[in-house]
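Chain identifiers are assigned alphabetically (A, B, ...) following the order of the sequence lines, protein sequences preceding nucleic acid strands; residue numbering begins at 1 within each chain.
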There are 2 protein chains.
Amino acid sequence: MDTRERLIESARELLWEFGYVGTSPKAIQQRSGAGQGSMYHHFRGKPDLALAAITRSADELRDRAEAEFSGPGTPVQRVTTYLRRERDALRGCPVGRLTQDRDVMADPALRRPVEETFAWLRTRLAGVLAEAVAEGELDATLDPAATATALVAVLQGGYVLARAAGDAEVYAQAVDGALGLLAGHVRSTAT
Amino acid sequence: MDTRERLIESARELLWEFGYVGTSPKAIQQRSGAGQGSMYHHFRGKPDLALAAITRSADELRDRAEAEFSGPGTPVQRVTTYLRRERDALRGCPVGRLTQDRDVMADPALRRPVEETFAWLRTRLAGVLAEAVAEGELDATLDPAATATALVAVLQGGYVLARAAGDAEVYAQAVDGALGLLAGHVRSTAT
DNA sequence: GTCTATAGGTGGATAGAC
DNA sequence: GTCTATCCACCTATAGAC
């Protein structure tokens with residue numbers, strides 16, 4: 001892994017843990033093993049490096065979700081697989097946490113991947129839910145778009161509650177609650 | 001409103017908007033109209049003032065929720081009132097956003113009101129849901145504790161999604177989705 | 001109680017040797 | 001491409017006059 005790559009990966013980890021404001025160029029350089037000032041050769045500055053890091057995290061999130069949404073099983077099974085995927089609850093979401101970072105949201109370039117990621121996620125999940133409704137697996141009273149937004153919100157909010165409690169189990173409980181609510185709308189358990 | 005009070009209110013607003021790391025003593029002093037250095041007479045430092053501000057925000061959140069939970073109507077109606085309460089979605093939750101602030105979560109004193117607020121909220125909401133189950137308003141397949149955690153998560157995550165989209169309507173959609181999911185478990189609409 | 005002055009540390013970035 | 005040295009602005013806090 002070359003220096004440029006190490007800088008991006010270090011930035012990703014630090015942004016995840018400390019946020020944009022809490023991450024200094026010096027900290028990124030030290031973690032990456034690059035010398036002081038070296039990152040300015042590969043990137044124009046902190047925002048430029050952050051953009052590379054954020055874009056990569058957003059792409060990863062999207063790829064993993066897409067693999068689950070387009071995987072095997074009925075629509076509800078795929079949604080369940082997505083919701084139940086093991087996540088580092090206390091660490092939170094590397095993309096979602098950026099919404100609380102003013103410097104990120106104030107910069108159109110940095111904000112864009114965050115906005116696009118969740119727009120895609122909600123739309124894509126709504127599509128899977130619409131499939132479920134069309135196939136009769138979910139009852140037709142459910143609005144796919146609103147339900148999708150609520151389910152994604154459960155994950156993002158689950159992180160918040162887990163961090164507040166200092167207990168990853170709270171995240172799992174939020175997911176359990178969401179699946180319990182969804183279960184009341186499942187009509188058939190076709191395999 | 002005396003100087004001490006203005007300092008607390010200014011800190012509350014700035015913490016809400018910029019978070020702990022993004023809020024400087026200087027900014028608090030300027031917003032409050034107090035002169036540079038004046039806050040050190042009333043508070044030992046930034047953490048001490050932040051504790052006063054966070055505690056007040058936490059108390060407010062709790063009082064408003066309690067008023068709705070113990071208000072008129074059936075349990076499900078009260079939960080609906082709580083979920084549908086008008087909120088400044090793009091501003092987010094003044095307490096929940098602190099969970100993403102490392103300096104807050106790393107300090108036991110600052111962390112405590114955050115932890116206690118959400119522990120109380122989840123427990124209190126679970127109690128109202130348990131009432132609903134006991135009275136037959138909600139079907140008995142729902143786990144009150146897990147459902148409560150999921151519903152609170154929808155609100156917290158709704159803020160995240162609304163900020164990501166730059167659109168308060170997304171928050172409302174998340175709440176709509178949660179109420180739609182809950183509706184499938186309501187047995188009677190007793191008044 | 002409130003103000004000005006000030007200090008040590010860090011953040012983000014640049015210059016220029018190698 | 002990488003390193004050291006350096007810069008200015010800001011953050012947090014203290015000292016001490018009024």
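Scanning for side chain to side chain contact (heavy atoms under 4.5 Å, CB included) contacts around D139(B) gives T141(B), L142(B), H185(B), R187(B), with sequence neighbours left out. With sequence neighbours left out, S24(B) forms a side chain to side chain contact (heavy atoms under 4.5 Å, CB included) with K26(B), A27(B). In this structure Y40(A) satisfies the ring pair (Phe, Tyr, Trp, His ring centres under 6.0 Å) test with no other residue, sequence neighbours excluded. Residues meeting the ring pair (Phe, Tyr, Trp, His ring centres under 6.0 Å) test with F69(A), sequence neighbours left out: Y82(A).
Put simply, NE2 on H41(A) is 16 Å from P on dT4(D), counting in whole angstrom units.
Enclosure of atom CZ in R85(B) by more than 12 non-hydrogen atoms of other residues, nucleotides or ligands within 6.0 angstrom is indicated.
Looking at every heavy atom in both residues, R163(B) comes nearest to M105(A) through O-CE, 3.1 Å.
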If you restrict it to nitrogen or oxygen atoms, what contacts under 3.5 Å exist between nucleotides 11-13 of chain D and the protein, and what is each distance?
{"unit_1": "dT12(D)", "atom_1": "OP1", "unit_2": "K46(B)", "atom_2": "NZ", "d": "2.7"}
{"unit_1": "dT12(D)", "atom_1": "OP2", "unit_2": "P25(B)", "atom_2": "N", "d": "3.4"}
{"unit_1": "dA13(D)", "atom_1": "OP2", "unit_2": "Y40(B)", "atom_2": "OH", "d": "3.3"}
{"unit_1": "dA13(D)", "atom_1": "OP2", "unit_2": "K46(B)", "atom_2": "N", "d": "3.1"}

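Going from atom CD of E169(A) over to atom CD of Q173(A) covers 7.5 Å, rounded to the nearest 0.5 Å.
Read 5' to 3', the first and last nucleotides of DNA chain C with an atom closer than 4.0 Å to a heavy atom of chain B are dG1(C) to dT4(C).
Linking ILVMFWY residues whenever their side-chain heavy atoms come closer than 4.5 Å, directly or via other members, leaves V152(A) and L90(B) in distinct clusters.
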